[in-house]
J.: 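Here you go, one structure.
None of these values were measured; they are calculated from a predicted model.
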Amino acid sequence: MGPLPRTVELFYDVLSPYSWLGFEILCRYQNIWNINLQLRPSLITGIMKDSGSLSAMRFLTAVNLEHPEMLEKASRELWMRVWSRAAEKAGMSAEQAQGLLEKIATPKVKNQLKETTEAACRYGAFGLPITVAHVDGQTHMLFGSDRMELLAHLLGEKWMGPIPPAVNARL
């Protein structure tokens, strides 16, 4: 029997492409490294209060500058991908997705997102993703999706690239 799982928290925002990289890598490694991966959706604008420069909005601004005739379709596609298609691809029924969409404005959901974002800030976040590893009674905060080799070292594990052989065999 191997060591007990160590807790690793991933604070991420789906509007951050770098968060996506960290998310995919940690999901692939969670069983290989025997970690208890805690996914912590956070609000990047809450962490970067003064910036407000979201990648999706910059993309749409570039579309507007270069191909304004495509702005309406591109905007709609981003909304559909983020809301409707995400739920469908996750295996939710239309009714389940609608029920969840109706809850996004509730105090419970708003407060949970605020609390998670504040937790990331307490760890020292200045952007996303951040990975917080709790190892041997110590807490280590790593910024960015390019710190997985360092995370492996902290965990005493082997880094085998973004697609480890065990996952690659299933693809």
J.: Trp159: which residues meet the side chain to side chain donor-acceptor pair (under 3.5 Å) condition with it, sequence neighbours left out?
T.: none

J.: Measure the spacing between CE of Met148 and CG of Leu155 and express it to the nearest 0.5 Å.
T.: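 Output value for this atom pair is 10.5 Å.
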
J.: For the residue pair Ile35 and Leu26, what are the closest heavy atoms and their distance?
T.: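 So the minimum-distance heavy-atom pair works out to CD1-CD2, 4.4 Å.
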
J.: With a 3.5 Å distance limit and no angle check, can you tell me whether Ser42 reaches the backbone of Arg40 through a side-chain donor-acceptor pair?
T.: yes

J.: Under 3.5 Å, sequence neighbours excluded: what are the donor-acceptor pairs made by side chains of residues 110-118?
T.:
unit_1 : atom_1 : unit_2 : atom_2 : d
Asn111 : ND2    : Pro107 : O      : 3.1
Gln112 : NE2    : Thr116 : OG1    : 3.1
Thr116 : OG1    : Gln112 : O      : 3.0
Thr117 : OG1    : Leu43  : N      : 3.0
Thr117 : OG1    : Leu113 : O      : 2.9

J.: Ser16 and Ile44: which non-hydrogen atoms are nearest, and at how many Å?
T.: CB-CD1, 4.4 Å

J.: Which value, rounded to the nearest 0.5 Å, describes the distance between Arg147 atom CZ and Glu149 atom CD?
T.: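 If we round to the nearest 0.5 Å, Arg147:CZ and Glu149:CD are 11.0 Å apart.
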
J.: Would you check if Ile32 and Lys158 make a side-chain contact, meaning some heavy-atom pair closer than 4.5 Å?
T.: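 SC-SC contact between Ile32 and Lys158 ruled out.
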
J.: Is Tyr18 linked to Leu39 within one hydrophobic cluster, defined over Ile, Leu, Val, Met, Phe, Trp and Tyr using a side-chain heavy-atom separation of less than 4.5 Å?
T.: no

J.: Does atom CD (Glu72) have a neighbourhood of more than 12 heavy atoms from anything else shown, all under 6.0 Å?
T.: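 It does not: Glu72 CD has 12 such atoms or fewer within range.
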
J.: I need the Leu154 CG to Thr139 OG1 distance, nearest 0.5 Å.
T.: 11.0 Å

J.: Within the structure provided, determine whether Ser145 and Ile25 are in side-chain contact (heavy-atom separation under 4.5 Å).
T.: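 The answer is no; the side chains never approach within 4.5 Å.
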
J.: Could you state the interatomic distance from CD (Glu24) to CZ (Arg28), rounded to the nearest 0.5 Å?
T.: 5.5 Å

J.: If a pair satisfies ring pair (Phe, Tyr, Trp, His ring centres under 6.0 Å) and one of its residues is in residues 102-137, list it, with sequence neighbours excluded.
T.: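 Qualifying pairs: Phe11-Tyr123, Phe126-Phe143.
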
J.: Testing the basics here: between Ile130 and Ala120, what is the closest heavy-atom pair and its distance to 0.1 Å?
T.: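 Where Ile130 meets Ala120 most closely, the heavy atoms are CD1-O, 3.9 Å.
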
J.: Which pair of heavy atoms, one from Ala125 and one from Met141, lies closest together, and at what distance?
T.: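 In this case the closest contact between Ala125 and Met141 is N-CE, 4.1 Å.
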
J.: Kindly indicate whether the side chain of Leu100, heavy atoms from C-beta on, has any atom under 4.5 Å from the side chain of Met92.
T.: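 Touching, per the 4.5 Å side-chain cut-off.
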
J.: Which heavy atom of Gly46 sits nearest to which heavy atom of Cys121, and what is that distance?
T.: O-SG, 4.4 Å

J.: To the closest 0.5 Å, what do you measure between CG (Asp13) and OG1 (Thr45)?
T.: 7.0 Å

J.: Between Leu151 and Trp33, is any pair of side-chain heavy atoms under 4.5 Å apart?
T.: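 Yes, side chains in contact.
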
J.: Do the non-hydrogen side-chain atoms of Tyr29 and Pro164 ever get within less than 4.5 Å of each other?
T.: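 Sidechains of Pro164 and Tyr29: in contact.
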
J.: Do you reckon Phe23 sits in the same ILVMFWY cluster as Leu21, going by side-chain contacts under 4.5 Å, direct or chained?
T.: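 Each belongs to a different hydrophobic cluster.
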
J.: Rounded to the nearest 0.5 Å, what separation is found between the NZ atom of Lys73 and the NE2 atom of His67?
T.: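 Lys73 atom NZ to His67 atom NE2 measures 13.5 Å (nearest 0.5 Å).
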
